[in-house]
Every structure is written in C-alpha cells, then in structure tokens.
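Have a look at the structure below before the remarks.
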Amino acid sequence: MALYTVADYRTNVGAKTVPFIPYDDNGGSLVAVAGDDFALLASDTRLSTGFSIYTREQSKLFRLSDTTVLGCAGCWCDALTLARILEARMQMYLHEHQRPMSTPAVAQMLSTLLYYKRFFPYYVANLLAGLDEEGKGCVYSYDPVGSYERVHYKASGSAGALLLPFLDNQIGYNNMENVTPEPVGIPKAMQILKDAFISAAERDIYTGDSIFINIITKDGIQEEKFALRRD
Amino acid sequence: MVPLHPTRMPRSGANVVVTDRLVVLNIAVLIEVGEGAVVNNTTDIKNKMMEHPNMAWMTSGDSYSSARFWHSGPAPGTVYNFPGGLAAQNTFYTEVPQGPITTGGSVLGVAFEGGVAITADILTSYGSLARFRDCSRVMHVNDNIILGAGGDYADYQFLKDVIQQKILEEECLDDGFSLKPKALHCWLTRVMYNHRSKLHPLWNNFIVGGLQDGEPFLGAVDKIGTAYVDRHIATGRGAYLALPLMRAKVEQDPHMTQKEAHELLFRCLKVLYYRDAQSYPKFQLATLTKEGVSVEGPLMVEQNWESAHMISCYYSVDEDHSLLTVLTSDYGPFPSI
C-alpha cells in the first residue's frame, strides 16, 4: 500500500499552476532559390498554434531593402522582433554609410543578431534571399542560434524536411542519371516551388492556405500569390 | 517585483533583499554588523547608514565573518553580489513562476463595412469557480480604438491604466493627433514581448479594433507577443467554438453590415454560453464606426432550453423515477451507486 508523505500530499494542495513557456510554434514554411541574376523567396501564409489557425493570411516575408528579403518561420513573436531589429539596424547602416546594406552584409549581421541571443534564442528558422554586390542571386540559410551558410536553394520551417528533398532532386539534380544539370530560370523555379508547396500542404498541417512569392531581380521585387489547400 | 517565498528565507544573515537598489545597502550593513546579525527592514538599514555614513563600506572582519576580498566584495566562500545585478536578486530567493489568477474568458472581434465590433462576457473566474460577475473586459480607448481583453484580469487592469495615461498625456498635447489602432496594436506587441522576455508575462490576450485611414483594423496580441491582423478574431475557447462560425460567415459574405456583424457575435456568444462552462450570459458589446464608439451592456445572451429534456441524464432529480432510472443513458444503465 502506498504511503503518502506530507510532500506528496502537499503537491495536490492549492491552485493549479500554469507553466509559462515563452515560446510558441506557429509553423510556416519557406523556400528560396537563387539563380544567376535573380532570387526567389516564398512563404506560406498560415499562422497556427497547436491545432488551431490564428490567420490564413500572414505573409512571413519581410522586405528589408530593394535587393534583400527575409523569411521567418517558427515562433512568430520572435520573428516579428527579429525582423524589427534587423530593419532598425539596416536603417542605422544606411544613415551612417549613405548606402543600403548589401545582402551578404545583412546575412552576416543576421547571424550576429541570432548568436547574440544564444542562450535565450530567437526560435526562428530564417532564410535570407537577395542579390549580392555582383547582382547574382544569393540565399542564406540559418539555424536559430546563428550558424549560417550561403546556398543555391533551401527549404526551411515546419515542412522544410518535406520540401527540401524535392528541391534537391529538381534543382540540385541529386540522384539523377543521364541528365545535364543546367542553371534554373525564373519560370522553372516558380513551377518547382509551387509544386513543392502543394505537396507539403498535403502532409504538413502547419503549411497551407496560400503562398507569397517574392521575385527579386535588379529591376526590383515582384510579389505573387498562389492558393494552397485551406483545410 | 520578485515574489518571495517564506520557506526560502535564509536562517542566518537574514538580510532581506527588497529591491535592486537596496542590495547595495544590505552589503554595506552586513559588513558593519557582521554576517550573523539580522537586519529585517529598510529602516534598520537606513538607520545604520545614518549612524556611520563613512565607515559602512569598510571592514577588517571579525570573529563572525571573514574579511572581504576587496571593497564591498565577497567574503571567502560567498558569492559576489553585483550591485543592482541579477546575481544580487537571486542570491537567496528563487522566483516563483506566476500564472493567471482571476481570468476572463473568450474575446470575439469582427470587422464589418465601415467599422469593427468587439465583445466579451463580464465574468472573471478563479480557475473553474465563477468568481466575479461584473467585470468589464472591453475598453473604449479613444474615438479611433476599442480594446477587448482576456486572461488575467489584474494584468489587464494594470495595462488599462497605462493606456489611459497614454491617452490622457496625448490629449494634453492638444495637437489634434490621437493614437491610432495600428500604433496601439504595435505598442502592445512590444509590451507583451518585453514582459515575456523577462519571464514575467502579462497573462492576456488582446483584440485591438479601430478605424485607420477609413479602413477597419482588427489585430490580436497574446501573452508572448504573437501578433496578427485579420477580419475576424476569437481568443480563448472562442478560438475553437466561435472562430469557425465567424470564418464561415465572412467567407460567404465578406462585406458584412454592422447589423450582420452584431448578429454573428450574438450567435457566437450563444454557442459559447451553451458549450463553454466558463462563459457567462451577460456580456458587453463595443462597436466602432466613423460616427464614434459605443459600449453597450451588460446585454443578455438569448437562450432556449426547451430541448434540454431530450438529453438523457439531464435531470438530476425526478419525482416519477428512481435514481437508477434517471441515471440511465442511451448506452445502458450507469453503474449502481
């Protein structure tokens, strides 16, 4: 027979305490593709928590300059804060140097900002896309604590693991035989990106509703919307 | 404020750490009176400081305490208290995590053609106990903004005071400008996020509604600073019970009139009252259009219990039946008591 100690008994006394968790997983997925003279960045527009959807129309892309766009998925309150700090720091740079920050410079600064919070991190998956100083498309991929690398294409966020193998195959030409790899252009990249999201929305409940695609070229940033399943 | 737990009071050297600033004083007094002495309150500390204004910072140690390593530094075997720092606060006491105490339930908001409406019932609870039955949870901020609040009622009252002070100060400027809904929404996200980052959250969900540049605005902020904007928002249990109804209505009729918006909210409140045990039939309704703000209520949820008798087990006592028959459900009799 179990004996209750005073300590055991006391744990059942008093009001139930609700633990405070400073993070939330609000889901969302990102895909970025870098071409010779363009970069694409897309996010889905579903913002969720647990089994409920906060809103179906939340773009997770932040236009930082004419050549740089940031995509954030994960803990939305951290994403909002991080993007805000990044925007402020870019403005300070603009006033100090009389020119906007280049995408590689923003990329380094983002890593620094993330690592600054190494022991209370921004719980965010980031993708940074834009044009570098030479006008070439570039994509940077991050982990939440600031480790980063420049890549040709990348998928991140809640359906990152679902999206990436498809990109590996279709853009990276992985596991393909008798095919000559050729650089991807905007129309093909757009098609691959949309197909990837359609498939991801079938399997990941945190991805869906629609996607926003930013097309970054030397002529500016175009935005396109594409519908996904809404269930 | 750091909540203190009585069982965590140190046995000896009981210098009560009251605020950041007093930590410095405590160290000084401890040096003078020795580690074993008990200084209970700020008055004691201040008196000691007054008596020995110059010597309080220096000691050569005595039989009760070792000499400090350096000026106001730690004694051997003790931790250095950084003046005003976090280490000083947590030397003796750990923080008790706080949760919501007196809580309000769901808040609902919809945007319609030319305005927004926000509603919440007027109940606040202690857990599952319906505690206070006349607590307004919608706020008329100014002629551009209305606000609805759920979660901890004390935290809401605190923020309400801060917001009212902001509005007052702005009115005193008398420059013809007034706070706009997007600005308040954005400000709230920062307040909530900063509190959560200190692990001292304001345990609330807010819905901010208003008109900005002639367009209806409806935004949500929660206790960690998650923020979004939509044409319909429901918090608490409303997110499960009311939001699907609101989405269905908006999808089928994206340009609701004010009357339709009100009817939608009444229907949502009714569903909540029938199915959410922590809801209440009395509620307030705030409506904002370019004509101004109205906060109506307490209003009453329309209710109809005529079909209740068709639910088996609904009666607890019935004079015509024995207890066992009354407790018989569609799935067979309940185990005998």
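This structure is a prediction, so every number in the text was calculated from the model and none was measured. What you see below is based on every heavy atom in this structure, not just the backbone, and it leaves out hydrogens, waters and symmetry mates. Quick note on labels: first sequence line is chain A, next is B, and so on, each numbered from 1.
For F51(A), no part lies near chain B; criterion is any non-hydrogen pair under 4.5 Å. Looking at L243(B), the atoms closer than 4.5 Å to chain A (heavy atoms on both sides) all sit in the side chain, from C-beta outward. Both the backbone and the side chain of S197(B) come within contact range of chain A, judged by heavy atoms closer than 4.5 Å. For T55(A), the parts lying under 4.5 angstrom from a heavy atom of chain B are both the backbone and the side chain. Both the backbone and the side chain of I53(A) come within contact range of chain B, each with at least one heavy atom under 4.5 Å from a heavy atom of that chain. Contact of R84(A) with chain B is made through the side chain alone, with heavy-atom distances under 4.5 Å. In this structure, chain B has a heavy atom under 4.5 Å from the side chain of F120(A), while its backbone stays farther away. Proximity to chain A (any heavy atom under 4.5 Å) is shown, for Y126(B), by neither the backbone nor the side chain.
When each of N26(A), D78(A), L80(A) is scored by its heavy-atom pairs under 4.5 Å with chain B, the top score falls to D78(A).
Taking the side chain as every heavy atom from C-beta outward, T119(B) and V138(B) never approach each other to under 4.5 Å. Side chains of D24(A) and Y54(A) form a contact here, defined as non-hydrogen atoms less than 4.5 Å apart. Side-chain contact between H232(B) and K249(B) is absent, with no heavy atoms from C-beta onward closer than 4.5 Å.
The only member of D143(A), L82(A), V145(A), V124(A) that meets side-chain contact (heavy atoms from CB on, under 4.5 Å) when paired with L114(A) is L82(A).
Residues K194(A) and E224(A) are paired through a salt bridge, judged by an N-O separation under 4.0 Å between the basic side chain and the carboxylate. Ion pairing of E149(A) with K154(A) is absent here, as no side-chain N (NZ or NE/NH1/NH2) approaches a carboxylate O to less than 4.0 Å. Under a 4.0 Å N-O distance rule, the pair R229(A)/D231(A) qualifies as a salt bridge.
Applying a 4.5 Å heavy-atom cutoff, the residues of residues 221-231 of chain B that approach chain A are D222(B), K223(B), I224(B), G225(B), T226(B), A227(B), Y228(B), V229(B), D230(B).
Between the side chains of T68(A) and S65(A), at least one donor N or O lies within less than 3.5 Å of an accepting N or O.
Considering only residues two or more places apart in sequence or on other chains, Y153(B) meets the ring-ring contact (aromatic ring centres under 6.0 Å, His included) condition with Y156(B).
The aromatic rings of F112(B) and H262(B) sit perpendicular to each other, their planes meeting at more than 60°, with 30° as the lower class boundary.
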